[in-house]
Each structure stands twice: as C-alpha cells, then as structure tokens.
Amino acid sequence: LDFNRDIQPILDRRCVSCHNYRDRNGKVVLEGDLGPQWSLSFFTLFARRQIADSRNGLGNQPPRTIGTSASRIMDKIDGTHYSVELTEKEWRTVWLWIESAAPYAGSYAALRNDQEMNLAVQSGRVFWEQKQVLRRRCNHCHNGEKVSVIPFSAPDHPDKRGIGRPTARHERLVIENDPLARFSPHILLNLSRPELSPLLLGPLTEDAGGWGSCGRVFKDTKDLDYLLLLQSIRSGKETVDSIPRYSTAHFKPNRQYIREMKKYGVLPESFASGRTPMNCFETDRKYWRMLR
C-alpha cells in the first residue's frame, strides 16, 4: 500500500472538508501537499500520534500497543467522529495500511534515492537561511520556555524531550505534544503551495488570510520578513522540483531499482529509464509474481 495512492484519496473524501488550510478544525490539516520529504498529511498523522506503528519505540512491545488496536485514527473512522463514515473498502484499506507498518512509499522504486533525499535536505534549510528573521520575529515566544526554540533541530540529549533514555539511530519515538514533531520542517514547509506553509500561516493575522495562532507577528503579506520567508520556501520548492519527486508525475525510479529489476528479469536489459515510461507499482507486482 502506498500512502499517496491509497490513503490520501480517502482523507480527501472523508476528512479534508474539515481539516484543510482554511478551516483547520482541531488545528489539524490533512491535505496532501508535499513537504521536504513526505506529504504534510502523512507527517501530521504521526506527529499527532494518530498512528501507532512498530517504529515508535524499539524492542518488544506490550500487547495491543502498536497497529490498529492502538491507532487513534481508527476511532475517527468508525462513524462516531462527526458522523464520518467510510465504506467497508475504505475502512479495510486504512486498517491494512496500518497493519502493514503504515509505509509512506508503496514501491521499492522510492527507496535508496540519494539524489531526492539530498534535495529534501537542501530544501529544508530555510530555517538556517533565514535564522535572523526567525530570531527577530519568533524567538520572543520560541525561546525554550514558552515554546520550543527555533530552529527546531534535534536536542543533544533525549532528556530535553522528557524521554529519559537514549534513543536508537533509527528509532522514531513520538511523545505527546512533541516539539520536534510539531515544529519540524516536514510539517512547517509546504513545498507544493509555499504560501500555505504553516511557518507563514501561524504568525499571519486572520484578517490577512493566516491562522493568527502566533498573535499579530505578520499583520499582512507585505511584511518584509514574511516575504523573505516566502521566497526561501519557494526556493526550496524549486530545489525539490528540479527532479520529479516520488508520487508526482514523471517520477523515474533510481538506478539501483532499475539494476535490480533487470537482474531478476522483470525489466529487459534494453530498458532505458530516461526514455521508457514505467509503472513502478506494476513492476513491483511482476517481481513478486515471479517468486511464486
């Protein structure tokens, strides 16, 4: 299962009418715009601890603390959450996605794509490019006492997050109201529609089209610091858009994927990714059928 192909359309049909950039009920947005590496809706579901997958803490887990039995989103799609009702197929798709460890990418074609990952890192450097703007306009609140400090890099020690123990390299441990999740570039930067980046909407007044959640930091969209941040985010969008991203039109799998598919005879040796169109999901299916 692939989040953008299989899960986001369900969110669009059942959730986005309330959880969008204009309404933002519950301060949650589930539209499928892309951030530096994932979609903002995908990251939001984990940041809000709606999904309990096996990577949220390493080692053996107590019964019913991971998967659908512990995922809060299941309580939102059972018909009791503002009468939201899914079809049986939609419910089963969400259920199976979570039971399959809630992956973002549903194809091997998305893995080990170093070029795309490097572009994602570059696009997220808006915090560093405009650190003077953030300090000047945000640090009076984001000072570590009222709200987390900007830029929102990982603390040197997990005790600063209240975990109380070291964390493993690939351990994704999300705590309640986690500052790293709430203020990550992956949730603050909208690289599909930069003007809808929460980094801009939060401090922008409501009468100017923002959320006003940070008071009146930006009174309107003519504020010079607002424009500096917007331009940096637009530059980040240009960076990640320089090659077609996974889940977007014209995406091409990386060379490792092509090499392995040729190795197993799924793709012919004559296949040229730059010239020949390919459906990576169907290619994956051919690979699995070959193993029967």
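In this view, S197 satisfies the side chain to side chain donor-acceptor pair (under 3.5 Å) rule with no residue, not counting sequence neighbours. The ring pair (Phe, Tyr, Trp, His ring centres under 6.0 Å) test applied to H186 returns W38, F43, not counting sequence neighbours. Among residues two or more places apart in sequence or in another chain, the ring pair (Phe, Tyr, Trp, His ring centres under 6.0 Å) test is passed with Y264 by Y287. Take E195 and apply the side-chain contact (heavy atoms from CB on, under 4.5 Å) test, not counting sequence neighbours, and it matches R193, L230. Listed by chain and number, the residues in a salt bridge (Lys or Arg N to Asp or Glu O under 4.0 Å) with R285 are E282 (sequence neighbours excluded). Residues that satisfy the ring pair (Phe, Tyr, Trp, His ring centres under 6.0 Å) test with Y21, not counting sequence neighbours, are absent from this structure. Legend: residues meeting salt bridge (Lys or Arg N to Asp or Glu O under 4.0 Å) with E88, ordered by chain and number and at least two apart, are absent. K237 pairs by the salt bridge (Lys or Arg N to Asp or Glu O under 4.0 Å) definition with D241, not counting sequence neighbours. With sequence neighbours left out, the ring pair (Phe, Tyr, Trp, His ring centres under 6.0 Å) criterion links Y257 to no other residue.
Counted by atom type alone, T239 and Q122 present zero donor-acceptor pairs between their side chains at under 3.5 Å. Counting only N and O atoms by type, the side chains of D12 and Q8 include a donor and acceptor under 3.5 Å apart. A donor-acceptor pair shorter than 3.5 Å can be found between the side chains of D2 and Y246.
Side-chain atoms of Y108 and P253, non-hydrogen and from C-beta on, never get closer than 4.5 Å to each other.
Other residues sharing a hydrophobic cluster with Y82 under the 4.5 Å side-chain heavy-atom criterion for ILVMFWY residues do not exist; the residue is a singleton.
Evaluation of the side chain to side chain donor-acceptor pair (under 3.5 Å) test over residues 207-219, restricted to residues two or more places apart or in two chains, returns T205-D207. Under the salt bridge (charged side-chain N to carboxylate O under 4.0 Å, His left out) criterion, the residue pairs touching residues 61-85 are R72-E176, with sequence neighbours excluded.
In this structure, R5 forms a cation-pi arrangement with F281, its terminal cationic atom sitting closer than 6.0 Å to the ring centre and no more than 45° off the ring axis.
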